[in-house]
Amino acid sequence: MHRPGRLAWAEREGGPCGAEGGAGRTGSDAPSRSSSTGRLRHGGTRRRQEEEEEAAPGGEAQQPLLRGIFRIGKESCDVVLSAERLSWTPIQPESPTGGSGIDLQCKEEHVEMKDVFSVKLKRRRLAGQQKGGFLLGITLFVCLKKEQNKLKDSVLNLSNLSEDHCYLWFKYFKEILNGFSNRPKSLKVFVNPNSHKREAARIYYDRVAPLFKLADIRTDLIVTEYEGHALALLKECDLKSFNGVVCVGGDGTASEVAHGILLRAQIDAGWDSDDILEPVKAQVPLGIIPAGSTNILAHTLNGVQHITTAALNIILGHLQPVDICSFSSPTKLLRFGFSAMFGFGSRTLAFAEKHRWMPSDQRKNFAVIKTLASLKPEDCELSFLPLMYSDEFQARVQGKSCADCQDQWDRIQGHFLNVSIMAIPCLCSMAPRGLAPNTRLNDGSIALIVVRNTSRPQFVKHLKRYAGIKNQFSFPFVETYTVEAVEVHLRTRKDCVSEENVESAEETYPWNIDGDLMEWTSEILVRVHPALICLYGGNADTVDNLKGCL
């Protein structure tokens with residue numbers, strides 16, 4: 001792949017104040033569709049390029065829709081639009097010997113249309129003028145891939161003073177963008193104003209809402225008023241009029257909204273939400289804007305904890321099918337979640353929740369230190385169904401329940417400092433490789449990680465390895481299993497809780513489910529449900545070849 005030359009990218013003068021949508025109109029002199037493609041290559045002759053493209057497999061997909069002259073930056077360019085790509089080559093003045101005006105040695109530059117998320121007509125307006133104005137050309141809003149998996153929005157100005165010319169191109173641009181069926185047109189948005197440093201609302205209004213508006217996405221915004229507000233609304237909400245749901249907050253907010261979306265799907269399917277063996281899939285995808293003290297879900301989806309990256313993945317409709325777990329008691333469904341911890345991880349969260357008045361970072365560090373100071377194991381019995389990569393497993397992935405299979409449950413028991421049950425890798429700043437690096441977003445498995453009782457220094461050494469490159473599981477007291485179901489039966493507290501303390505026994509069994517505290521006294525069954533929900537994020541094939549142009 002050749003490296004493109006410098007691009008002349010303009011500042012965002014083509015934004016909401018200087019660009020407009022509006023209905024396009026076509027001219028009677030629309031260019032005919034050529035048999036050559038719009039994919040220009042530098043070097044060689046034009047005829048040779050056409051012959052190569054016609055002979056190339058899939059060449060028809062690059063057949064040009066339009067071809068014309070625009071000014072890009074300070075250069076006049078020969079611009080070609082196909083359904084998949086916009087490409088341009090600078091036009092050089094004719095040589096004294098009468099040579100061609102197109103310099104075949106100039107490198108072609110291009111933008112993939114799948115990375116364009118909005119197009120506007122660019123106008124010059126007088127102060128206070130809201131509509132109309134002198135037409136300057138067309139502005140494309142493009143998603144660029146930067147360092148460390150981050151995405152960035154930028155603009156490409158195509159300048160031309162002809163209204164007929166610009167309207168025709170604008171119409172074709174809009175038709176191409178409207179053809180991307182995964183891109184949302186209407187979103188229901190939940191903002192948790194209490195997330196992290198109470199910055200979620202500002203993050204949404206300042207950094208996310210303008211991008212949604214630019215992409216012509218309609219939003220129905222709800223600022224939640226209390227814990228569980230989003231869940232209560234989703235259980236009653238008809239989501240059929242929305243293409244997706246977005247939450248702005250931390251992991252607890254994202255988990256609550258995901259739980260609500262799935263419960264809504266079960267209600268619509270007529271299933272009893274307290275007795276679900278094989279739940280139905282979520283009707284709409286979920287987008288997560290990271291605005292919390294921990295943003296493990298957003299970080300895992302996008303490979304980075306970055307607000308603009310999360311917003312652009314939503315706008316571009318990048319969808320990932322994701323596994324999720326159900327957490328059930330012997331009598332009913334408790335909730336859905338992507339990951340859970342019991343023991344050290346849950347007691348740390350429970351301690352932090354009691355000190356919400358402290359700043360977030362200080363509260364987390366304080367909770368870790370205090371929990372380590374009183375480190376003690378839990379007496380548990382764990383039953384788990386090992387994942388078998390066989391035809392039987394493939395049948396279960398396609399809808400067959402665990403109860404239908406003949407696999408045998410394994411059991412281990414003892415004193416455990418921590419038990420982790422994770423259906424996703426759980427990347428975060430403190431564990432860049434993930435808390436469960438051996439699992440994936442949608443491989444139909446649970447990573448069961450148990451840490452048996454050991455000395456405090458050894459346990460701390462194990463925790464520190466999450467932040468480094470050494471294997472955090474290479475200790476004799478750490479065991480890992482790949483499973484599809486886990487049952488956790490707690491024994492310690494039942495045996496030692498006196499009659500007068502029965503009412504408070506519930507507080508002694510905290511669970512950390514996606515950063516949200518859940519308390520329960522009896523055994524819990526955790527089962528993975530492959531690809532039960534789709535989330536916006538990840539695997540965004542953006543404009544790598546434009547990386548050096550900003």
Side-chain angles (χ1 to χ4, degrees), residues 184-195 200-201 203-204 208-209 212 217-276 278-292 295-298 301 310-311 313-314 317 319-328 332-340 423-424 511 513-518 529 531-537:
K185 300 294 188 296
S186 178
L187 294 171
K188 192 169 189 67
V189 181
F190 292 93
V191 176
N192 181 357
N194 297 317
S195 288
I203 286 173
Y204 176 74
V208 180
F212 285 173
I217 297 175
R218 300 183 304 276
T219 56
D220 179 18
L221 176 65
I222 295 177
V223 179
T224 57
E225 299 175 0
Y226 53 87
E227 184 177 353
H229 189 192
L231 174 60
L233 293 174
L234 284 167
K235 289 171 69 175
E236 303 296 331
C237 177
D238 183 4
L239 297 176
K240 294 179 181 178
S241 60
F242 299 98
N243 301 123
V245 176
V246 173
C247 65
V248 186
D251 288 323
T253 304
S255 182
E256 177 184 335
V257 174
H259 178 53
I261 292 174
L262 285 167
L263 280 186
R264 180 70 250 176
Q266 313 316 308
I267 294 171
D268 290 341
W271 289 46
D272 181 0
S273 61
D274 287 341
D275 185 21
I276 298 176
E278 290 296 333
V280 298
K281 293 186 176 182
Q283 300 170 330
V284 294
L286 170 63
I288 304 170
I289 303 297
N295 300 287
I296 289 176
L297 286 173
L301 282 169
N313 275 322
I314 294 170
L319 292 176
Q320 285 276 2
V322 180
D323 302 340
I324 195 168
C325 297
S326 60
F327 296 81
S328 306
K332 66 176 183 178
L333 171 72
L334 299 176
R335 66 174 298 162
F336 291 100
F338 299 95
S339 65
I424 62 174
W511 280 79
I513 300 181
D514 296 331
D516 199 11
L517 185 64
M518 184 185 80
H529 303 283
L532 195 64
I533 189 171
C534 281
L535 303 182
Y536 288 109

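We number each residue from 1, following the sequence as shown.
Taking the side chain to side chain contact (heavy atoms under 4.5 Å, CB included) definition, one finds that Pro184 meets it with Leu187, Ile217, Asn243, Ile314, Tyr536, sequence neighbours left out. Scanning for side-chain hydrogen bond (donor to acceptor under 3.5 Å, both in side chains) contacts around Asp323 gives an empty result, with sequence neighbours left out.
The side-chain hydrogen bond (donor to acceptor under 3.5 Å, both in side chains) analysis of residues 248-264, with sequence neighbours excluded, yields the pairs Asn192-Thr253, Asp251-Thr294, Ser255-Arg335, Ser255-Asp514, Arg264-Asp268. Within the structure, ring pair (Phe, Tyr, Trp, His ring centres under 6.0 Å) pairs that include any residue of residues 231-251 do not occur (at least two apart or interchain).
Taking all atoms of both residues into account, the shortest heavy-atom contact from Ile203 to Ala291 is CD1-CB, 3.8 Å. Val280 and Ala265 get closest at one heavy-atom pair: CG2-O, 3.4 Å. Between Gly250 and Ser195, the closest heavy-atom pair is N-OG, 3.6 Å. For Ser241 against Ser186, the heavy-atom pair with the smallest separation is O-OG, 3.6 Å. When all heavy atoms of Ser339 and Phe327 are compared, the closest pair comes out as O-CZ, 4.3 Å. Across all their heavy atoms, Lys188 and Cys237 have their closest contact at CE-SG, 3.6 Å.
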**Report entry** Test log, rule side chain to side chain contact (heavy atoms under 4.5 Å, CB included), inputs Leu297 and Ile424
**Finding:** CA-CA 9 Å; Leu297 286 173; Ile424 62 174; 3.4 Å; yes

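When each of Val208, Ile289, Ile288 is checked for a side-chain contact (heavy atoms from CB on, under 4.5 Å) with Val248, only Ile289 meets the rule.
Around NZ of Lys281, the count of heavy atoms belonging to other residues, nucleotides or ligands within 6.0 Å does not exceed 12.
To the nearest 0.5 Å, atom OG1 of residue Thr219 and atom CZ of residue Phe212 are 8.0 Å apart. One finds the CD atom of Gln283 at 12.5 Å from the SG atom of Cys534 (value rounded to the nearest 0.5 Å). Of the inter-residue distances, the one linking Leu221 atom CG with Tyr204 atom OH reads 5.0 Å to the nearest 0.5 angstrom. From Leu319, atom CG reaches atom CD1 of Ile533 across 11.0 Å, with rounding to the nearest 0.5 Å.
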Below 3.5 Å, can you tabulate the donor-acceptor pairs from side chains in residues 222-236 to any protein atom, sequence neighbours excluded?
residue	atom	partner	partner atom	Å
Thr224	OG1	Val191	O	3.2
His229	ND1	Glu225	N	3.0

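With a 4.5 Å cut-off on side-chain heavy atoms, Cys247 and Leu286 count as touching. The shortest distance between side-chain heavy atoms of Leu333 and Ser326 falls below 4.5 Å. By the 4.5 Å heavy-atom criterion applied to side chains, Leu535 and Phe338 are counted as neighbours. Inter-residue side-chain proximity for Met518 and Leu334 is flagged as met; some heavy-atom pair is nearer than 4.5 Å. Side chains of Asp220 and Val189 form no contact here, defined as non-hydrogen atoms less than 4.5 Å apart.
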